[in-house]
Amino acid sequence: MIKAVRGTRDLFGEELGYKRWIEAAAGQVLEAAGAQEIETPILEEAPVFEKGVGPTSDVVQKEMYAFTDRGGRRLVLRPEGTAGVMRAFLEHGMKVRPAPVKLYYRGPMFRAERPQKGRYRQFYQVGYEAVGLSEPAVDAEAIALLVDLMKALGLQRFVLKLGTVGDPEDRRRYNAYLREVLLPHREALSEDSRVRLERNPLRILDSKDRGDQEVLARAGVRPLFDFLSEAAKAHYRAVKGALKALGVAFEEDPRLVRGLDYYVRTAFEIHHPDLGAQAALGGGGRYDGLTALLGGPSLPGVGWAVGTDRVILALKAEAIPAPPGPAPLLYLVPLDAEAVVEALVLAESLRPRLPVELAYTPRKPGKGIREAERRGARYVGFLGEGERARGTISVKDLVTGEQQELPREKLGSWLEAL
RNA sequence: GUGAGCGUAGCUCAGCUGGUUAGAGCACCGGUCUGUGGAACCGGGGGUCAUGGGUUCAAGUCCCAUCGCUCACCCCA
């Protein structure tokens with residue numbers, strides 16, 4: 001039997017109900033703040049991410065689905081949303097719009113990782129970007145909107161983590177410092193962290209390895225915050241101040257590290273305690289200068305993405321039900337063979353104004369009622385010999401048990417009047 | 001990419017130290033019930049026991065390989 005490829009899933013029923021609900025809620029929350037939806041292609045040229053996300057990031061180095069097309073172009077299935085949106089932003093000259101330009105997107109992303117709980121090779125994100133202003137208030141608003149979305153869905157047990165990763169120069173200084181302090185402890189570090197020491201020492205900070213954390217404590221590593229410029233520190237304080245004014249609760253995490261190279265200054269993540277190892281529902285930060293990496297003018301920006309699949313896990317963990325799927329108002333039951341087409345004609349005359357389903361072979365009434373209940377219909381309509389003779393339909397309310405006989409031409413207006 | 005656990009009906013699972021026709025519950029279809037309710041009872045359909053090889057008189061059961069799933073590492077949404 002042919003199955004869906006590893007790490008991909010078929011979405012239907014309850015799962016799809018959750019996804020559509022999350023996307024609709026995001027649209028409402030974000031459009032109320034002036035954001036416009038944008039859909040960019042799933043396929044992009046590889047440099048969009050190599051330059052945008054950063055050549056040293058794991059996402060680009062080992063997680064991209066990449067191939068060469070017939071024209072010799074190197075294409076990739078997008079691994080994240082921001083870089084493509086920024087490419088589109090530049091391509092369409094959106095910088096002439098009043099700043100900040102607020103955009104949101106949703107759709108599938110692809111990463112060639114080993115699947116596990118909350119992690120898939122094709123996964124779905126909803127993301128938000130605000131481009132063109134470096135004001136801390138824009139950061140705070142973006143974060144508030146992310147929290148608004150969580151609240152709009154009824155989620156309660158999430159935690160907002162806030163930190164700052166500084167500007168690129170700050171980070172360069174800090175990375176140099178980390179190499180210097182940790183090099184004497186190199187042998188005590190985990191294998192992974194010894195590699196990080198070369199590539200990206202910052203990542204050692206959020207290592208899950210207990211030994212690594214002991215090394216950090218023993219070496220007396222100073223926090224990144226000490227290495228920030230005054231401007232970056234002031235920015236961080238301003239964001240915190242705005243969040244407090246907004247009443248948005250957050251936990252400061254000085255070791256918050258983001259995996260995509262383009263982040264500067266503000267960084268944040270939303271965590272949920274019941275998701276297993278992949279606890280981040282979403283995250284984001286500021287990415288001033290990303291547009292320059294893509295070959296455009298250097299523009300400030302801030303944004304985030306949430307993993308729809310993980311939000312679904314969180315909703316389930318908090319026992320928040322998916323919205324009900326479609327159900328007919330009326331289920332038509334033909335009682336004899338002649339009534340089948342009558343029922344079909346009647347159903348079509350009521351649609352699409354009213355959702356109506358029917359049985360396609362004659363049924364005994366009791367069975368018809370069971371089927372109607374099974375489909376979630378409120379009313380069941382019987383068409384038999386007597387109804388045909390009188391030009392009527394017998395309509396039974398499955399909640400009250402009341403039944404009445406109506407002229408067929410009155411059925412539509414009667415149902416609509418309910 | 002690394003590690004561990006697990007693959008028996010659509011779903012959840014049982015199947016003893018290998019033993020003869022592979023089971024249950026739920027779901028589905030039909031009947032009891034020829035124009036009226038979710039119950040109950042009776043019956044029915046549905047399985048290459050993940051795949052391939054091996055051991056054995058005999059393999060769902062033991063061994064090996066492959067594939068897949070799950071969780072964790074890594075990474076991140």
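As the structure is a prediction and not an experimental result, all values here were calculated from the model. Below, chain A is the first sequence line, B the second, and so on; all start at residue 1.
Of all nucleotides present, none satisfies the Watson-Crick or G-U wobble test against B/C76 with each distance under 3.5 Å. B/C16 makes up no base pair with any nucleotide shown, lacking Watson-Crick or G-U wobble contacts both under 3.5 Å. With a cut-off of 3.5 Å on both Watson-Crick or G-U wobble distances, the partner of B/A22 is given as none. The partner of B/G37 is absent, by the rule that a Watson-Crick or G-U pair needs both atom distances under 3.5 Å. Of the nucleotides present, none pairs with B/G47 by Watson-Crick or G-U wobble criteria with both distances under 3.5 Å. Pair assignment for B/A58: none, as no Watson-Crick or G-U wobble contacts are both less than 3.5 Å. Nucleotide B/U70: paired with B/A4 (Watson-Crick or G-U wobble, both distances less than 3.5 Å).
Set against B/C75, B/U70, B/A77, the side chain of A/E63 has B/C75 as its closest nucleotide. For A/R119, counting side-chain heavy atoms from C-beta on, the closest listed nucleotide (B/C75, B/A72, B/U36) is B/C75. Of all nucleotides listed (B/A27, B/G35, B/G31), B/A27 comes nearest to the side chain of A/R374. You'll find that the side chain of A/R6 is closest to B/C69, out of B/G37, B/C75, B/C69. The side chain of A/L398 lies closest to B/G37, out of B/G35, B/G37, B/A77. Proximity note for A/K367 (side chain, C-beta onward) versus B/G30, B/G35, B/C75: the nearest is B/G30.
If you take atom C1' in B/A77 and the same atom in B/A4, they sit 25 Å apart, rounded to whole Å. For the P atom pair drawn from B/G43 and B/U51, the interatomic distance equals 31 Å after rounding to whole Å. Going from the P atom of B/G52 to that of B/U34 covers 49 Å, rounded to whole Å. B/A65 and B/C13: their P atoms are spaced 27 Å apart (whole Å). Nucleotides B/U61 and B/U2, compared at atom P, are 28 Å apart to the nearest Å. With P as the reference atom, B/A27 and B/C62 are 33 Å apart, rounded to whole Å. B/A22 and B/G18 have their C1' atoms separated by 15 Å, given to the nearest Å. Across B/C63 and B/C69, the matching P atoms stand 24 Å from one another, rounded to whole Å.
Looking at heavy atoms from C-beta onward, A/F268 lies out of side-chain contact with A/F250 at the 4.5 angstrom threshold. Here the side chains of A/L332 and A/L344 are not in contact, with every heavy-atom distance at 4.5 Å or above. A/F123 has its side chain out of reach of A/E113: every pair of non-hydrogen atoms, C-beta onward, lies at least 4.5 Å apart.
Mapping A/A279 and A/L275 onto RNA chain B by nearest heavy atom places A/L275 at the nucleotide closer to the 5' end. Along RNA chain B, the nucleotide nearest to A/A112 and the one nearest to A/G118 differ in position, and the one closer to the 5' end is contacted by A/A112.
As a whole-Å value, the separation of A/R111 CZ from B/C74 P is 16 Å. Across the protein-nucleic acid pair, A/F49 atom CZ and B/C76 atom P stand 16 Å apart, rounded to whole Å. Between A/H272 atom NE2 and B/A77 atom P the separation is 18 Å, expressed in whole Å. Distance, A/D397 CG to B/U36 C1': 14 Å, rounded to whole Å. One interatomic measurement links the two molecules: CZ of A/R194 to C1' of B/C73, which rounds to 16 Å at whole-angstrom precision. Look at CD on A/E371: it is 16 Å from P on B/U36, rounded to the nearest Å. A/D10 has its CG atom 15 Å from the C1' atom of B/G10, to the nearest Å. Straight-line distance from the OH atom of A/Y360 to the P atom of B/C29: 15 Å, rounded to whole Å.
Within 4.0 Å of A/E387, counting heavy atoms only, lies at least one base atom of the nucleic acid. Counting non-hydrogen atoms under 4.0 angstrom, A/I369 reaches a base of the nucleic acid. Across all strands shown, A/T308 has no heavy atoms under 4.0 Å from either base or sugar-phosphate atoms. At the heavy-atom level, A/D336 lies nowhere under 4.0 Å from the strands shown. Nucleic acid contact for A/Y120: base, since at least one base atom lies under 4.0 Å from a heavy atom of the residue. Among the atoms of the strands shown, base atoms are found under 4.0 Å from some heavy atom of A/G384. Residue contacts for A/G401: at a heavy-atom cut-off of 4.0 Å it reaches a base atom on one of the strands shown. A/G386 comes within 4.0 angstrom of a nucleotide base, judged by non-hydrogen atoms across all strands. A/R203 comes within 4.0 angstrom of sugar-phosphate atoms only, judged by non-hydrogen atoms across all strands, and of no base. Nucleic acid contact for A/E385: base, since at least one base atom lies under 4.0 Å from a heavy atom of the residue.
With centres under 5.5 Å and a plane angle under 30° as the test, the ring of A/F382 is not stacked against the base of B/G35.
Residue A/R114 places no side-chain N or O under 4.0 Å from the OP1 or OP2 atom of B/C73. At the phosphate of B/A50, neither OP1 nor OP2 sits under 4.0 Å from any side-chain N or O atom of A/K3. Checking the phosphate oxygens (OP1, OP2) of B/U34, a side-chain nitrogen or oxygen of A/K364 falls inside 4.0 Å. One finds a side-chain N or O of A/Q116 lying less than 4.0 angstrom from the OP1 or OP2 phosphate oxygen of B/A72. Residue A/R370 places at least one side-chain N or O closer than 4.0 Å to OP1 or OP2 of B/G38. Here A/R363 does not reach the OP1 or OP2 of B/C29: none of its side-chain N or O atoms lies under 4.0 Å away.
Screening A/D288, A/V138, A/L256, A/L162 against A/T266 for a side chain to side chain contact (heavy atoms under 4.5 Å, CB included) leaves a single residue, A/L162. Checked options A/D192, A/N175, A/L178, A/L183; the residue passing with A/L197 is A/L183 (criterion: side chain to side chain contact (heavy atoms under 4.5 Å, CB included)).
Contact between A/E269 and A/H271 at its shortest, heavy atoms only, is OE1-NE2, 2.6 Å. Scanning all heavy atoms of the two residues, the minimum distance from A/T400 to A/R378 falls at CG2-NH2, 4.3 Å.
For A/E416, the CD atom is densely surrounded, since the number of other residues' heavy atoms within 6.0 Å is greater than 12. Heavy-atom neighbours of A/Q28 CD from other residues, nucleotides or ligands within 6.0 Å: at or below the threshold of 12.
A salt bridge is defined here as a Lys NZ or Arg NE, NH1 or NH2 lying under 4.0 Å from an Asp or Glu carboxylate O, and A/E23 with A/K19 meets this definition.
Looking at A/Q278, its side chain has no donor and acceptor atom pair within 3.5 Å of the base of B/A72.
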